[in-house]
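To start, the structure itself, in structure tokens.
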Number of protein chains: 4
Amino acid sequence: MRFKLNFKSGKPVYLQVVDQVKVAAASGSIQAGEPLPSIRPLAEELRVNRNTVAKAYAELESQGVIETVAGKGSFVSANNSPLKKAVRLELLAQEIDTAVIQAHHLQVGKAEFLRLAEDRFDAFQDKRDRAATS
Amino acid sequence: MRFKLNFKSGKPVYLQVVDQVKVAAASGSIQAGEPLPSIRPLAEELRVNRNTVAKAYAELESQGVIETVAGKGSFVSANNSPLKKAVRLELLAQEIDTAVIQAHHLQVGKAEFLRLAEDRFDAFQDKRDRAATS
Amino acid sequence: MRFKLNFKSGKPVYLQVVDQVKVAAASGSIQAGEPLPSIRPLAEELRVNRNTVAKAYAELESQGVIETVAGKGSFVSANNSPLKKAVRLELLAQEIDTAVIQAHHLQVGKAEFLRLAEDRFDAFQDKRDRAATS
Amino acid sequence: MRFKLNFKSGKPVYLQVVDQVKVAAASGSIQAGEPLPSIRPLAEELRVNRNTVAKAYAELESQGVIETVAGKGSFVSANNSPLKKAVRLELLAQEIDTAVIQAHHLQVGKAEFLRLAEDRFDAFQDKRDRAATS
DNA sequence: GTGGTCTAGACCACC
DNA sequence: GTGGTCTAGACCACG
């Protein structure tokens, strides 16, 4: 699990962590019963206070996504079946919508928008492939 | 100028207004010298306290994006040349990248991603057209 | 309402505030509908951070003792009938018990204990009377 | 030595142990050179982690109240003369004062207060006697 | 080492 | 002015 924070977005850091864990659990890239990173190391990696991560984990536990045992760690809950495809696409659609709106504000047309989308997707794949090879 | 607020994003509302005005001015969809909506009607339209809009306008003025004339209103400053196309695409690419990453986490492939992007773009256009007609 | 904090007791400050408000409401010395001190001034008076008082008030609201309206203030809830005498004595008995235990540890006998109790009660009354006169 | 913990008071458990040992030593109910209970049995009796008791003993040793001999146990230090009576009463007066204040908040009068004090003192003695007999 | 709690400072939205 | 939220630092209990 790799976390990516955006400190400038204004979105609370702890919610960014919550979302990323949920997506990872939803997509199946973290399996049920698997441990999450411990609070302290993760906080250090993210350059964030311990409590910020703790708050994210507390929120995830209250949502039933993970289970946490004091002194042991936090683990993905069992009852989280990977999301159905329709739900996954719904989540993705929200992200795409914000890009569409931005395109409109910047007066970028459909053809150009789609070309850019393809370019960025390919660029992302390339980067991942190179990372996997190295 | 159409504003779209997201109360759940955690991003301060007044900054959302600031950003949208800046993008609109940068993209040329608001021309220099054009008036911005008055604070009270805009606050009402956005379902937000007047102080929040006032704060956004104050921030914009301090950044030199707009100029406020007491008793007249607020106007886009002259020295904001519309951004070059390359810069606009760069801004848009950032938004698309986050959608691409989300697609990867949700294990959505390229074909599906691009199809969804087209769908959402069309849906957005439809909605605008209907709004303009009514 | 006068608050008295003990920073050395180890008892969380916010809980001390909670208890004192509850006792005041229970004893009827704060009437239903009456406003509590605002968070900031109270925090300043107690030499404590705003959030500490806010946490106490939040706890009181979750317990139904007070009701708080953002931008207006906090008010004693209506349904808090003054405690029955038996309940009041029960609360007081707890405090006395800790003094009794202390007496035992310090090997102070019953006669001496009761004499001291009377002395301190009288001393307290005297102090209050003098304060009222001045 | 009988320990009594209050898990709800918010006061750190290890400090409660420290205080009670100090009071016992100060009042003379534990004599100099007398051994304290070993960490493990005491921790078990108090339903507390061994580290917590160990922390209390370490604190007591650093304060010079007890001395620990590896492999032998912990013993009350010699230089702790039992407190003079006046000092003991002073300590007790503090506890009684908090009960008096509570009585005032709960609008309990002097006669009732003193009667309750006597009741609780007797009840405590009874409980001790029964415990000693069993 | 693990997670949990209390206190604090800064910023936000609203009146 | 009002209360609400996010981030942080220090301390605690437990393994």
Side-chain angles (χ1 to χ4, degrees), chain A residues 5 7 9-18 35-43 46-61 66-75, chain B residues 5 7 10-17 43 46-56 59, chain C residues 5 7 9-18 35-43 46-61 66-75, chain D residues 5 7 10-17 43 46-56 59:
Chain A
L5 297 184
F7 289 97
S9 77
K11 181 164 191 171
V13 173
Y14 87 98
L15 282 183
Q16 295 184 43
V17 174
V18 166
L36 266 67
S38 296
I39 290 181
R40 279 181 205 236
L42 179 53
L46 298 179
R47 309 293 192 78
V48 156
N49 186 279
R50 242 162 47 69
N51 286 359
T52 302
V53 176
K55 187 168 188 180
Y57 281 20
E59 174 69 15
L60 284 164
E61 174 152 41
I66 69 174
E67 285 166 19
T68 175
V69 183
K72 295 276 234 172
S74 301
F75 305 85
Chain B
L5 296 184
F7 289 99
K11 183 160 190 172
V13 173
Y14 85 99
L15 282 183
Q16 294 185 44
V17 175
L46 298 178
R47 308 290 191 80
V48 154
N49 190 281
R50 290 199 299 268
N51 289 353
T52 304
V53 176
K55 190 169 187 179
E59 175 70 14
Chain C
L5 295 185
F7 289 98
S9 76
K11 182 162 189 172
V13 173
Y14 87 99
L15 282 182
Q16 295 184 42
V17 175
V18 166
L36 268 66
S38 296
I39 291 182
R40 279 180 204 234
L42 179 53
L46 299 178
R47 309 291 192 81
V48 155
N49 186 279
R50 243 163 45 72
N51 286 357
T52 302
V53 177
K55 188 169 186 178
Y57 280 19
E59 175 70 14
L60 285 164
E61 173 151 42
I66 68 174
E67 285 167 20
T68 176
V69 183
K72 295 275 236 173
S74 301
F75 306 85
Chain D
L5 296 184
F7 290 99
K11 183 161 189 170
V13 173
Y14 86 100
L15 282 183
Q16 293 185 43
V17 174
L46 299 177
R47 309 292 191 81
V48 154
N49 190 282
R50 289 199 300 269
N51 288 353
T52 303
V53 177
K55 190 170 186 178
E59 175 70 15

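Each chain gets a letter, A, B and so on, in the order its sequence line appears, and its residues count up from 1. Heavy atoms only: backbone and side chains are in, while hydrogens, waters and symmetry mates are out.
Projected onto DNA chain E by closest heavy-atom contact, B/R47 and A/E61 fall at different nucleotides, the more 5' of which corresponds to A/E61. If you find the closest nucleotide of DNA chain F to D/V48 and to A/F7, the one lying nearer the 5' end belongs to A/F7. The 5' end of DNA chain F is approached more closely, in terms of each residue's nearest nucleotide, by C/A70 than by the other of D/P12 and C/A70. Where A/I39 and C/K11 each meet DNA chain E at their nearest nucleotide, the meeting point lying more 5' is that of A/I39.
Regarding C/E59, its CD atom lies at a distance of 17 Å from the P atom of F/dG3, rounded to whole Å. When rounded to the nearest whole Å, the span between CG of B/L5 and C1' of E/dA13 equals 13 Å. One atom, CD of D/Q16, and another, P of F/dC11, lie 19 Å apart when rounded to the nearest Å. Taking atom CZ of residue A/F75 and atom C1' of nucleotide E/dG3, one finds them 11 Å apart after rounding to whole Å. When the P atom of E/dC14 is taken as reference, atom NZ of C/K72 falls 16 Å away, rounded to whole Å. Note: CZ (D/R50) to C1' (F/dC14) measures 11 Å, nearest angstrom. Atom OH of A/Y57 is separated from atom P of E/dG4 by 11 Å (rounded to the nearest Å).
Checking the phosphate oxygens (OP1, OP2) of F/dA13, no side-chain nitrogen or oxygen of D/T52 falls inside 4.0 Å. Applying the 4.0 Å criterion to OP1 and OP2 of F/dG15, one finds that D/N49 has a side-chain N or O inside that range.
Residue A/S74 places its side chain closer to E/dG3 than to any other of E/dC15, F/dG3, E/dG3. Nearest to the side-chain atoms of D/N51 among the listed nucleotides F/dC14, E/dT7, F/dG3 stands F/dC14.
Contact annotation for B/K55: backbone-only contact, meaning every heavy-atom pair under 4.0 Å involves sugar-phosphate atoms and none involves a base. Counting any heavy atom pair closer than 4.0 Å across all strands shown, B/Y14 reaches sugar-phosphate atoms only and no base atom. Within the 4.0 angstrom heavy-atom criterion, base atoms lie near A/R40.
To the nearest 0.5 angstrom, A/Y57 atom OH is 4.0 Å from A/L36 atom CG. Interatomic distance, C/L60 CG to C/K55 NZ, rounded to the nearest 0.5 Å: 13.0 Å.
Looking at B/E59, its side chain never comes within 3.5 Å of a backbone N or O of B/L15 through a donor-acceptor pair.
Shortest non-hydrogen contact noted between C/S74 and C/T68 is OG-OG1, 3.2 Å. Considering every non-hydrogen atom in both A/P37 and A/L42, the closest pair reads CB-CB, 4.1 Å.
Base pairing analysis places F/dA10 opposite E/dT5; the two distances defining the Watson-Crick or G-U wobble pair are each below 3.5 Å.
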